[in-house]
2 protein chains.
Amino acid sequence: MSMSENIRPLRRNAIRQQNETLILQAAEKVFAEAGFGGATMQLIADVAGLPKANLHYYFATKEELYRCVVENIFEIWLQAAASFDNASGPVEGIGAYIDAKMEISRRHADGSKVWASEVMHGAPVIQDYLENTLREWTTGRAALIQNWIDDGKMKPVDPEHLLYMLWATTQHYADFGHQIETLNGGRPLSDTQWRAAKENVKAIILRGIGALRD
Amino acid sequence: MSMSENIRPLRRNAIRQQNETLILQAAEKVFAEAGFGGATMQLIADVAGLPKANLHYYFATKEELYRCVVENIFEIWLQAAASFDNASGPVEGIGAYIDAKMEISRRHADGSKVWASEVMHGAPVIQDYLENTLREWTTGRAALIQNWIDDGKMKPVDPEHLLYMLWATTQHYADFGHQIETLNGGRPLSDTQWRAAKENVKAIILRGIGALRD
DNA sequence: TCGCATCCTGACCATATGGTCAATTCAAAG
DNA sequence: CTTTGAATTGACCATATGGTCAGGATGCGA
């Protein structure tokens, strides 16, 4: 028998890792489509292609599995948040942030929906993230924006509300993707349309805050 | 015994009406907080202060009750949509629309959340509204915006994406109200802060589309 | 080959939930 | 007062769901 089996024996460690990500991916999809309350362990198991009891071997409870999904998303979110820094001005910084967040809306639409759902329902499991990590990030970035304003690099706008606007506008393409798709004739946005959306958002906001001179 | 009882006998018709709205209000709240899957008829009944069996007397199934809630919200949405018309230009029309939608986000936050949840989960019950009423409204308003562009009243932007931006920005204050509240020190936005939010949104967008000259 | 810890899973359980129903109360028309 | 149909509700049912568990399979080091 050759060593190159179709199903090669995975290292014990690798088995755990593989199954966990398999389950997490399935869970993210199901939670996004049905919400926490509407999702069932059975359906997640089916999507993952595993028996239900196997889910409980890796994740003790539905809540624990959900929490892992939400935390994963928060990591991705933070990653995009970094693109704000190391920018000399609003055009660069906010532009990069919009680009990053639009890319997340496209590539991780399910994650965005789970996050939105979690927050909409009062953030039962990630309230501490909101109060600590998110709050710190927000005040830091607001201060940065205020600096840009003081330096005359943009018009005086409320930094916090500007951030809300960035979040809202970019996330909308993920959370309300179904609505946009429906209005687009039932078809997902094409590459060209995504680029147009991104450029449109950047143009309006950057011009809106007086960071573009034209 | 006087005719002026504390609990005056309601006309049969009025009883039905009163209980239906009572149930609908409770349902809107519970659906917003828990999602369709997480909401239970028992909890809705408790919030409404009625026995569960009574809910089923007025609304045969959970789905039917949910559908009524969603349709109610759509009505409110349409009402705000009207503020777009009869405007001579973007400052007036879009400004009024933002005002109206921000007011809805404030006064009907629960409804907004139910709507958002419904769309996020693929619009299982209001797909036809999206495909018909919403689509028609959108194309009509997009044409109106295009006219303003052609008349030189604003810069050339993609009308559809501008509409998405309006929806996203205004709805965010309802759907992500909990997040905003948390970042605001755990307190809801004050009257002043709401006004600031509204003015900020209007200023950035109207300047962003070149409808304000400054 | 052996032993062991990890991994797998069908069968099972307690509970919660949507929904039903028959019996009762109540308003108000005749 | 009587009648009639709407309104009310406690008790009940079938099902679905989260979670458990005992026993078997599997990889892997010794």
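Every chain is numbered from 1 and lettered A, B, ... according to where its sequence line falls, protein lines coming before strand lines.
Among the nucleotides C/dT20, C/dT9, C/dC7, the one closest to the side chain of A/Y58 is C/dC7. Distance from the side chain of A/K52 is smallest to D/dG19 among C/dC8, C/dT9, D/dG19. Nearest nucleotide to the B/I15 side chain, out of D/dA7, C/dT9, D/dG18: D/dA7. Closest approach to the A/T40 side chain among C/dG19, D/dG18, D/dT9 is made by D/dG18 (side chain taken as heavy atoms from C-beta onward).
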Problem set entry | Worked verdict on B/Y66 versus B/E118 for side-chain hydrogen bond (donor to acceptor under 3.5 Å, both in side chains) | CA-CA 10 Å; B/Y66 176 73; B/E118 162 71 6; 2.6 Å; yes
For this session: Start with the C-alpha distance between B/E28 and B/K113, add both sets of side-chain angles, then the distance that settles salt bridge (charged side-chain N to carboxylate O under 4.0 Å, His left out), and finish with yes or no.
Result: CA-CA 9 Å; B/E28 180 175 292; B/K113 288 178 186 172; over 6 Å; no
For this session: Assess whether salt bridge (charged side-chain N to carboxylate O under 4.0 Å, His left out) is satisfied between B/R107 and B/E103, documenting all intermediate values.
Result: CA-CA 6 Å; B/R107 305 294 174 195; B/E103 209 55 34; 3.2 Å; yes
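Ion pairing of A/D46 with A/K52 is absent here, as no side-chain N (NZ or NE/NH1/NH2) approaches a carboxylate O to less than 4.0 Å. Taking a cutoff of 4.0 Å between a charged side-chain nitrogen and a carboxylate oxygen, A/E199 and A/K202 qualify as a salt bridge.
Contact annotation: A/R16 reaches the phosphate of C/dC7 (side-chain N/O to OP1 or OP2, under 4.0 Å). Contact annotation: A/Y57 side-chain N/O to C/dC8 OP1/OP2 distance is not under 4.0 Å. In terms of phosphate contacts, B/N54 brings no side-chain nitrogen or oxygen within less than 4.0 Å of OP1 or OP2 of D/dG10.
For DNA chain D, the neighbouring residues in residues 59-73 of chain A, judged by any heavy atom under 4.0 Å, are A/T61, A/K62, A/E63.
In this structure, the side chain of B/N200 engages the main chain of A/D158 through a donor-acceptor pair within 3.5 Å.
Side-chain contact between A/H172 and A/I180 is present, with heavy atoms from C-beta onward closer than 4.5 Å.
Residue contacts for A/A45: at a heavy-atom cut-off of 4.0 Å it reaches no nucleic acid atom on any strand shown.
Closest approach of B/F176 and A/Q171 over heavy atoms only: CZ-NE2, 3.8 Å.
Each end of the helix from C/dT1-D/dA30 to C/dG30-D/dC1 yields a helix axis from five base pairs, and these two axes differ in direction by 10° (to the nearest 10 degrees).
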